[in-house]
Amino acid sequence: MGHGGGGAMSGELIEHLFLPAYGAAAAADLGDSAVLTVGSDTRLAFSTDSFVVKPMFFPGGSIGDLAVNGTVNDLAMSGATPLYLSTAFILAEGTELSVLGRIARAVGRAAESAGVQLVTGDTKVVERASGDGVYLNTSGIGVVPSGVDIHVRRARPGDAVLVSGDIGVHGVAVMSCREGLEFGTAVESDTAPLHGLVASMLATGADVHVLRDPTRGGVSASLNEIARASEVGIELVERLLPVPATVRDACSLLGLDPLQVANEGKLIAIVPAADADRVLAAMRAHPLGRSACRIGSCVPDHAGMVVARTGLGGSRVIALPIGEQLPRIC
């Protein structure tokens, strides 16, 4: 289970098993999506993702809209305009058609809302003992505008670290209806398509260096990946982290770190400090970025590490998660 959590174990699996096995055929850049040049100047973003969330329906969403928004967001993190998606369903024997229909309708509504077309797909059924409910894979294609160069290796010392809103909400929403857990306050998933927000940010003319949506492994995993790929240190200010009280209380109760809890409708942006204010203004003008804020900076010290300054004046290392805090969050 830990190898599927988006943390250090996932990275080791890719680095030490998949990439060596693929050999010369591997052309992966290990970002949220691959940017491919077609012809002389057309750049396409291509991404694929699988969704195994349990339960399949949770406050604020379902596996259906999660699958659409997740792949749309992976494309958006390259600055792309998403255009086309595939849908592949793996169904456990005995799954009720009414349940499948509810998920399929959620897929359709989410695709319409995001402005993407569902152009191809597949369906497989496995024996009851081999699966549990519905698993869903979506792949997507989008077009990257000319002049946009967003890459996990582009963070530079002095850059500002921005986040588009409250973190940890999706993970707590899923936990709230799993195994009968209750936290006293209803929390809804933040699942949403982020390409419109990204377009608003790019429209400012700012040179956006890096974008990531902090899903599995949360903000901690995404920032550690950026720090290592760009060979910079990242310094956060703990009091600036937008952790809502419900998320903080739930994580405290369960012994979890909110920075490691999954999000499905938030993004992290690394931008030059000189561009930070206008990018933040554009984010706050968009419905999905109203609570956007600056949470830290890229620094030349402790390259490859993420450190948070605490309210007491000390600091703590924000480590890459080892495995998975909670199974089947996305």
Side-chain angles (χ1 to χ4, degrees), residues 27-49 51 61 64-88 106-121 136-154 162-165 190-215 222 263-271 275 278-290 292:
D29 204 22
L30 305 184
D32 286 332
S33 61
V35 176
L36 312 170
T37 300
V38 179
S40 60
D41 58 0
T42 299
R43 292 189 299 158
L44 299 179
F46 175 58
S47 185
T48 188
D49 206 347
F51 298 85
D65 43 69
L66 197 66
V68 171
N69 293 337
T71 294
V72 164
N73 292 345
D74 283 346
L75 296 172
M77 296 307 103
S78 296
T81 301
L83 298 175
Y84 306 109
L85 263 60
S86 70
T87 57
V107 168
R109 288 193 298 269
E112 289 183 11
S113 178
V116 296
Q117 292 185 294
L118 307 174
V119 294
T120 188
L136 184 53
N137 172 277
T138 48
S139 297
I141 296 174
V143 176
V144 181
S146 175
V148 172
D149 182 19
I150 298 172
H151 197 284
V152 70
R153 295 191 179 95
R154 288 199 67 214
L162 316 178
V163 67
S164 61
D190 57 351
T191 177
L194 295 172
H195 56 299
L197 175 60
V198 172
S200 296
M201 296 164 65
L202 295 177
T204 65
D207 180 17
V208 178
H209 287 170
V210 186
L211 291 174
R212 295 302 294 263
D213 62 328
T215 53
S222 293
N263 310 268
E264 289 292 345
K266 301 297 187 299
L267 63 79
I268 293 170
I270 309 291
V271 303
D275 293 334
R278 57 175 168 157
V279 172
L280 272 175
M283 294 171 75
R284 290 167 178 165
H286 191 278
L288 295 178
R290 288 179 181 142

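Quick caveat: nothing in here was measured; it's all calculated off a predicted structure.
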Exercise: identify the closest heavy-atom pair between [X] and [Y]:
{"X": "Ala45", "Y": "Leu75", "value": "O-CD2, 3.4 Å"}
{"X": "Phe51", "Y": "Leu66", "value": "CE2-O, 3.5 Å"}
{"X": "Ala67", "Y": "Leu136", "value": "CB-CD2, 3.5 Å"}
{"X": "Pro193", "Y": "Val72", "value": "CB-CG1, 3.9 Å"}
{"X": "Ala282", "Y": "Ser200", "value": "CB-O, 3.7 Å"}
{"X": "Leu44", "Y": "Val144", "value": "C-CG2, 4.4 Å"}

Supply the atom-to-atom distance [X] [atom1] to [Y] [atom2], rounded to the nearest 0.5 angstrom.
{"X": "Leu118", "Y": "Ser86", "atom1": "CG", "atom2": "OG", "value": "9.0 Å"}
{"X": "Ser164", "Y": "Leu194", "atom1": "OG", "atom2": "CG", "value": "6.0 Å"}
{"X": "Ile150", "Y": "Asp207", "atom1": "CD1", "atom2": "CG", "value": "9.0 Å"}
{"X": "Leu211", "Y": "Ser222", "atom1": "CG", "atom2": "OG", "value": "11.0 Å"}
{"X": "His195", "Y": "Leu202", "atom1": "NE2", "atom2": "CG", "value": "12.5 Å"}
{"X": "Arg290", "Y": "Met283", "atom1": "CZ", "atom2": "CE", "value": "13.5 Å"}

Is the shortest heavy-atom distance from the side chain of Val143 to the side chain of Leu83 under 4.5 Å? yes
Are any non-hydrogen side-chain atoms of Leu85 and Gln117 less than 4.5 angstrom apart? no
Without hydrogens or angle criteria, can the side chains of [X] and [Y] be said to hold a donor-acceptor pair below 3.5 Å?
{"X": "Thr48", "Y": "Asn137", "answer": "yes"}
{"X": "Asp149", "Y": "His151", "answer": "no"}
{"X": "Ser78", "Y": "Ser33", "answer": "yes"}
{"X": "Asn69", "Y": "Thr191", "answer": "yes"}

Which of these passes side-chain contact (heavy atoms from CB on, under 4.5 Å) with Arg43: Val38, Leu36, Val148? Val148
Please tabulate, one pair per line, all N/O donor-acceptor pairs under 3.5 Å involving side-chain atoms of residues 263-270, not counting sequence neighbours.
| from | atom 1 | to | atom 2 | distance (Å) |
| --- | --- | --- | --- | --- |
| Asn263 | OD1 | Gly168 | N | 2.6 |
| Asn263 | ND2 | Pro214 | O | 2.9 |
| Asn263 | ND2 | Val261 | O | 3.2 |
| Lys266 | NZ | Asp166 | O | 3.3 |
| Lys266 | NZ | Asp190 | OD2 | 3.1 |

